[in-house]
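Reviewing the structure listed below.
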There are 2 protein chains.
Amino acid sequence: MTNELEDAADDRELLSDRIRNALADEIATGRLEAGAALDEQHLADRFGASRTPVREALRQLAVSGLVEVRPRRGVVVARMTPERIMEMFETVAEIEALCVRLATYRMTPLERSHLIELHDASEAIVRKGDFDAYDAFNRAFHEAIYRATHNSFLAEQAIAIHSRLTAFRRAQLRQHERLDRSRAEHEAIMQAIAEGDGELASRRMRAHMLNAATALRRFIEASKPV
Amino acid sequence: MTNELEDAADDRELLSDRIRNALADEIATGRLEAGAALDEQHLADRFGASRTPVREALRQLAVSGLVEVRPRRGVVVARMTPERIMEMFETVAEIEALCVRLATYRMTPLERSHLIELHDASEAIVRKGDFDAYDAFNRAFHEAIYRATHNSFLAEQAIAIHSRLTAFRRAQLRQHERLDRSRAEHEAIMQAIAEGDGELASRRMRAHMLNAATALRRFIEASKPV
DNA sequence: CTACGACATCTTGCATGCAAAAATGTCATC
DNA sequence: GATGACATTTTTGCATGCAAGATGTCGTAG
């Protein structure tokens, strides 16, 4: 009778939602790798549920693009081409750029000081070379910017798209010098924000994100010697 | 045994997908109005299906934000506050602005001439005051720009967000002078594209979208004398 | 007349059942 | 050894069943 979700958080939360969240997390973190088949019965057994909530979860994941449904032929973790990944990175870069521009003009002093705090704390993380901690910080940093746009719809969209790249970003950030550069780029963005120059912050953010993408591309090409 | 989907397109398409598409269309066009309850059994009867595919469709619509699921209390068509609508408009405006900037720099001559053709044809539509035709043209115009970014992921996101505003845009465009102004704004955007000035095209597109939003806001405030 | 609560009804959430399509395996033929 | 027809197994797509939670009604107490 034991299953992974048995003592999960809230009993009022729907089973299908918990399964969806669990799978989304596994896909985002890369524990479920691209192309992996998601057998309904197998997942149902794994989560101690029936196929119905599993199916609902899979259909929902398909809408957010994390899995691919091939009618009557099963569901697989979304398999993305390098081109598509680069497209996603460019999109995220542009959205981050526009978020930071709006945020620069709209953030409250409180939001600004919170962002500075976050950024300052990241120095210690970089020094320790703690990839997981930097990952968490990075997410917090970018989400703080999204929220500072004072446009919650935009923030939601940004978070959704950003999170779809999590799996790739993790791989890419596991390089020490990239961690260093990432923080330096954040520093430059912070400066532009401090000066109230949204356009400059925007350009720097775009460059920051595209640098990350380029680092990733190199990483992919290096590890896949076709 | 008659139901609305009986002679629908492709027999290989999943029932749940057809139901989802049908509902998405009804919500986008406003035939199903915000706040309307979506009873599973009722919809199942309406589509000549059982509750299972209906439930799958509803859950998927919830992910794309068209409906709201209140656990154990049913599903309703997403009810949006004026603030949220304005947020959505701003988001769309910014995304359109970035799309047209990228498109200006990347579109092929073929894409450019296609866009010009579309724009030219819209003059007759405005003269006739054919709202539905202009609606269709407008969609085609904007989607042509999305595609011209040569970033299909971005284009998909843009289409998804744009379509969520369809219901509101329709209401807003049913004013003759707005139709006229809309075309004039397109004209200005086309000019910037022709000059290869992506930044200018971007600013004009943002203004164009925000004008539409402002027109809508007036419309809403006028029709809701609280 | 309002507030409260027991009861009845309706709806949802999930499990299970079943038919059809797809995948897989078997075996004969070339 | 490769190929293809056919049987078997597996898996999906959808229908149905049932229990628990939500909602509505009505009677009674205050």
Side-chain angles (χ1 to χ4, degrees), chain A residues 1-24 27 32 35-63 66-79, chain B residues 1-24 27 32 34-63 65-79:
Chain A
M1 297 297 99
T2 87
N3 73 70
E4 331 186 350
L5 294 177
E6 73 180 350
D7 56 357
D10 189 356
D11 270 353
R12 324 233 0 119
E13 197 182 4
L14 300 183
L15 196 45
S16 57
D17 283 357
R18 291 197 293 197
I19 294 173
R20 175 170 51 73
N21 291 337
L23 290 176
I27 294 170
L32 269 170
L38 296 167
D39 181 81
E40 293 178 2
Q41 189 60 58
H42 177 243
L43 289 174
D45 295 346
R46 194 149 95 63
F47 289 115
S50 78
R51 283 175 48 222
T52 309
V54 170
R55 276 178 65 84
E56 285 177 12
L58 291 175
R59 299 306 154 126
Q60 288 179 284
L61 292 171
V63 174
L66 287 174
V67 306
E68 200 179 324
V69 174
R70 301 161 311 169
R72 281 166 242 279
R73 303 187 50 225
V75 177
V76 296
V77 177
R79 186 195 296 285
Chain B
M1 298 303 99
T2 86
N3 73 72
E4 329 188 354
L5 294 177
E6 71 179 354
D7 56 357
D10 188 356
D11 270 353
R12 323 236 0 122
E13 197 182 2
L14 300 183
L15 196 45
S16 58
D17 283 358
R18 292 197 295 199
I19 295 172
R20 174 169 51 74
N21 291 336
L23 289 176
I27 294 170
L32 269 170
L38 296 167
D39 182 82
E40 293 179 3
Q41 188 60 58
H42 177 244
L43 290 173
D45 294 346
R46 194 149 94 64
F47 289 116
S50 78
R51 283 174 48 223
T52 308
V54 170
R55 274 179 65 84
E56 286 176 12
L58 291 175
R59 299 305 154 121
Q60 289 179 285
L61 292 171
V63 175
L66 287 174
V67 306
E68 200 181 323
V69 175
R70 300 160 312 167
R72 280 169 245 279
R73 302 185 49 225
V75 177
V76 296
V77 176
R79 185 193 297 283

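By convention in this document, chain letters (A, B, ...) are assigned in the order of the sequence lines, proteins followed by strands, and residues within each chain are numbered from 1. Remember, predicted model here, so these are calculated numbers, not experimental data.
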Seminar exercise, completed: By side-chain contact (heavy atoms from CB on, under 4.5 Å), A:N21 pairs with (sequence neighbours left out) A:E13
Exercise. Under 4.0 Å between a side-chain N/O of B:R73 and OP1 or OP2 of D:dT23, yes or no?
Worked result: yes
For this session: Name the nucleic acid region contacted by A:E56, choosing base, sugar-phosphate or nothing; use a 4.0 angstrom heavy-atom cut-off, strictly under.
Result: nothing
Please state how far atom [atom1] in [X] lies from atom [atom2] in [N], giving the value in whole angstrom units.
X     : N      : atom1 : atom2 : result
B:R55 : D:dG13 : CZ    : C1'   : 16 Å
B:R70 : D:dA22 : CZ    : P     : 12 Å
B:D17 : D:dG13 : CG    : P     : 9 Å
A:L14 : D:dA20 : CG    : P     : 16 Å

For this session: Give me the first and last nucleotide of DNA chain C, going 5' to 3', that has any atom under 4.0 Å from a heavy atom of chain B.
Result: C:dT11 to C:dA22
Exercise. So which of B:L23, B:L32, B:V76, B:L38 actually passes side chain to side chain contact (heavy atoms under 4.5 Å, CB included) with B:V67?
Worked result: B:L38
Problem set entry | Pair B:E56 + A:R55: basic N to acidic O under 4.0 Å | yes
Exercise. In terms of the nearest nucleotide of DNA chain C, which residue is placed more toward the 5' end: A:S16 or A:P71?
Worked result: A:S16
Got a second to check how far [X]'s [atom1] is from [Y]'s [atom2], nearest 0.5 Å?
X     : Y     : atom1 : atom2 : answer
B:D17 : B:Q60 : CG    : CD    : 6.0 Å
A:S50 : A:L43 : OG    : CG    : 12.0 Å
B:R73 : B:E68 : CZ    : CD    : 10.0 Å

